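These numbers were taken from a predicted model, which means no experiment stands behind them. By convention in this document, chain letters (A, B, ...) are assigned in the order of the sequence lines, proteins followed by strands, and residues within each chain are numbered from 1.
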There are 2 protein chains.
Amino acid sequence: MYFPAAGVPESELGLRERKRLATERTIERAALDLAQEHGYEGVTVEMICESAMVSPRTFFNYFGSKEGVFLGHTPPRPTPEMIDWFVNERPSTTLLDLVELFRRMMSTRNRTDPAAMRERRALIHSTPDLAVREFARMAEAETELTALLQRRRDAVGAEGSDVFPDEPRVVVLLAFAIMHPAMHRWLEDPDGAPQEELIADSLQMIRRIIDEPTHS
Amino acid sequence: MYFPAAGVPESELGLRERKRLATERTIERAALDLAQEHGYEGVTVEMICESAMVSPRTFFNYFGSKEGVFLGHTPPRPTPEMIDWFVNERPSTTLLDLVELFRRMMSTRNRTDPAAMRERRALIHSTPDLAVREFARMAEAETELTALLQRRRDAVGAEGSDVFPDEPRVVVLLAFAIMHPAMHRWLEDPDGAPQEELIADSLQMIRRIIDEPTHS
DNA sequence: GTTAATTATGCAGAGACTGCACGCTTTGTG
DNA sequence: CACAAAGCGTGCAGTCTCTGCATAATTAAC
């Protein structure tokens, strides 16, 4: 067991990669533990580094920023295949396809184990400061996705786009609104209802809210 | 003209207040001008202070942060009257009332003249970094408004809230989606269609997007 | 085993931001 | 007008995040 076995092609990534992942996880653990105790503001990068036994410079080499270690350093981005699918294939409604694109993006970044992911999630939602940052990240994605919507519209042949010039942005916001509760419920119970169902529920809820009759 | 005239009771706020507003505007002007030239990242607080002839410490006394001077130092918040109206009166749908609450919040903070407001707006939207920050601010409002929705629901008597525990959050997101294009169009043409009409248009657009038939 | 790419680290420094104390100006009061 | 109270502008020291650069050690590739 001192050298790579031939029958373990899956997690055999070379010594370098393995070490990298190890320190990455060490830093993450240290950061999360310290945040549980002192809160986001109460933790300094220096503290994290001391606990993880790495230099501050190394910390910033791994996660580009302090928030990076809490939010996850890889913001979910669509792969070229996904982009092509969304822009050119477009099997369903713009909105529904966008939601599906979201779903795929989320599913992709499962490199971290779901347990740590949930822990991270809990910390984010219990720390207003982090929640805000997370929202800011979403905003980045929003910009990118809006551009994608433009490409899709161009591909299908624009029509009547002058009437509502910022329709793409609204579509993205709507997709967010649909994804939000679905993602939330899924993170709380990953083995519960399948994602498609959660999304369908969410869509139904939104329809109900919009068409809600005036009460009282 | 060397001393205060007696016939100007409106803007007579005392020497102190006037000076305060003066330096505030001086700093704002300096910041906006410098940002036009060098971009948000390219401007340092020190540069702004040098241009406005105040100490950095003073800058932070006025606007608590660098982004503060660009985004406006007073994030729009609902007044107690508005809160009461929303929680207890609730003349219409939850969603529509929330949109109306938004509209009122936006209308309130017209202490800055609309011209500078639009200039600021243009800068924000042309600077991705600032756009993100603005979104983060919205997120703060989101949290606050979600709490408000809970209060409203409690006031009306909760029912079936277990099915969709994060319905309030979705309502807020939807209200955002409705407000967004309306606000946008209003800022681009303040003397055009009245806000109510813009909102109605926006709502209609959203209905269309959600019910859009599968095409192609 | 030698060379090339990665990686970890230290160091210097920019830039945002805070608490504190001190001095000046404005304000209110008699 | 004098005098005290309050508010404001400022300098200073210091913390914290984050970056560029140089260097040494490690791993990979040949």
Side-chain angles (χ1 to χ4, degrees), chain A residues 2-4 9 11-28 30-31 34-35 38-71 73 75 127 129-130 132-134 136-137, chain B residues 2-4 9 11-28 30-31 34-35 37-71 73 75 127 129-130 132-133 136-137:
Chain A
Y2 294 136
F3 42 83
S11 77
E12 266 322 319
L13 296 163
L15 179 57
R16 204 170 250 167
E17 302 282 323
R18 262 178 296 150
K19 270 192 173 177
R20 182 169 243 289
L21 282 182
T23 52
E24 184 175 310
R25 297 225 173 99
T26 306
I27 296 177
E28 273 183 6
L34 285 171
H38 303 103
Y40 175 71
E41 296 281 342
V43 178
T44 71
V45 174
E46 204 173 352
M47 286 165 67
I48 299 173
C49 294
E50 198 174 329
S51 171
M53 294 193 302
V54 293
S55 75
R57 196 62 186 83
T58 300
F59 175 90
F60 285 107
N61 280 342
Y62 275 82
F63 313 88
S65 63
K66 179 185 173 185
E67 52 171 295
V69 73
F70 295 112
L71 297 183
H73 49 127
T127 310
D129 211 326
L130 276 180
V132 168
R133 300 284 188 164
E134 191 209 18
R137 281 219 174 168
Chain B
Y2 293 138
F3 42 84
S11 75
E12 267 320 322
L13 296 162
L15 180 56
R16 204 169 250 169
E17 302 282 321
R18 262 179 296 149
K19 270 191 174 178
R20 182 168 245 288
L21 282 181
T23 53
E24 185 174 309
R25 298 225 172 98
T26 305
I27 296 176
E28 273 183 5
L34 284 172
E37 190 174 356
H38 302 102
Y40 176 70
E41 296 280 342
V43 177
T44 71
V45 173
E46 203 173 352
M47 286 165 67
I48 299 173
C49 295
E50 197 173 331
S51 171
M53 294 193 301
V54 293
S55 76
R57 196 64 187 81
T58 300
F59 174 91
F60 285 106
N61 280 342
Y62 275 82
F63 313 88
S65 63
K66 179 185 171 184
E67 51 172 295
V69 73
F70 295 111
L71 297 183
H73 48 129
T127 309
D129 212 327
L130 276 180
V132 168
R133 301 285 188 163
R137 281 219 173 167

Using whole Å, what does the distance between atom [atom2] of nucleotide [N] and atom [atom1] of [X] come to?
{"X": "B/E17", "N": "C/dT25", "atom1": "CD", "atom2": "C1'", "result": "14 Å"}
{"X": "B/E67", "N": "C/dG15", "atom1": "CD", "atom2": "C1'", "result": "15 Å"}
{"X": "B/I27", "N": "D/dT10", "atom1": "CD1", "atom2": "C1'", "result": "13 Å"}
{"X": "A/E41", "N": "D/dT15", "atom1": "CD", "atom2": "C1'", "result": "13 Å"}
{"X": "B/N61", "N": "D/dT10", "atom1": "CG", "atom2": "P", "result": "10 Å"}
{"X": "A/F70", "N": "D/dT17", "atom1": "CZ", "atom2": "C1'", "result": "13 Å"}
{"X": "A/F60", "N": "C/dA14", "atom1": "CZ", "atom2": "C1'", "result": "14 Å"}
{"X": "A/M47", "N": "D/dC16", "atom1": "CE", "atom2": "P", "result": "10 Å"}

Next item on the list: Mind running side-chain contact (heavy atoms from CB on, under 4.5 Å) on B/V45 and B/F60 for me, showing each step along the way?
Entry: CA-CA 9 Å; B/V45 173; B/F60 285 106; 3.9 Å; yes

Checklist line | Minimum-distance pair of heavy atoms, taken over all atoms of A/C49 and A/F59 | finding: SG-CB, 3.6 Å

Item checked: A/K66 to A/Y40 six-membered ring, cation-pi geometry met (6.0 Å, 45°) -> yes

[X] vs [N]: side-chain N/O to OP1/OP2 distance below 4.0 Å:
{"X": "B/K19", "N": "C/dT26", "result": "yes"}
{"X": "A/T44", "N": "D/dC16", "result": "no"}
{"X": "B/R20", "N": "D/dC8", "result": "yes"}
{"X": "B/Y62", "N": "D/dG9", "result": "yes"}
{"X": "B/T58", "N": "D/dT10", "result": "yes"}

Next item on the list: For the side chain of B/R16, starting at C-beta, report the closest nucleotide among D/dT27, D/dG11, D/dG7.
Entry: D/dG7

Notebook entry, point to check: D/dT17, C/dT9, D/dG7: which one has an atom nearest the side-chain heavy atoms of A/V45?
Noted result: D/dT17

Notebook entry, point to check: For A/R57 and A/E46, take the nucleotide of DNA chain D holding the closest heavy atom to each; which residue's nucleotide lies nearer the 5' end?
Noted result: A/E46

Margin query: Between B/S51 and B/M47 (side chain of the first, backbone of the second, donor and acceptor by atom type, cut-off under 3.5 Å), is there such a pair?
Written below: no

Checklist line | Point-to-point distance, once rounded to the nearest 0.5 Å, from NE2 of B/H38 to OG1 of B/T44 | finding: 10.0 Å

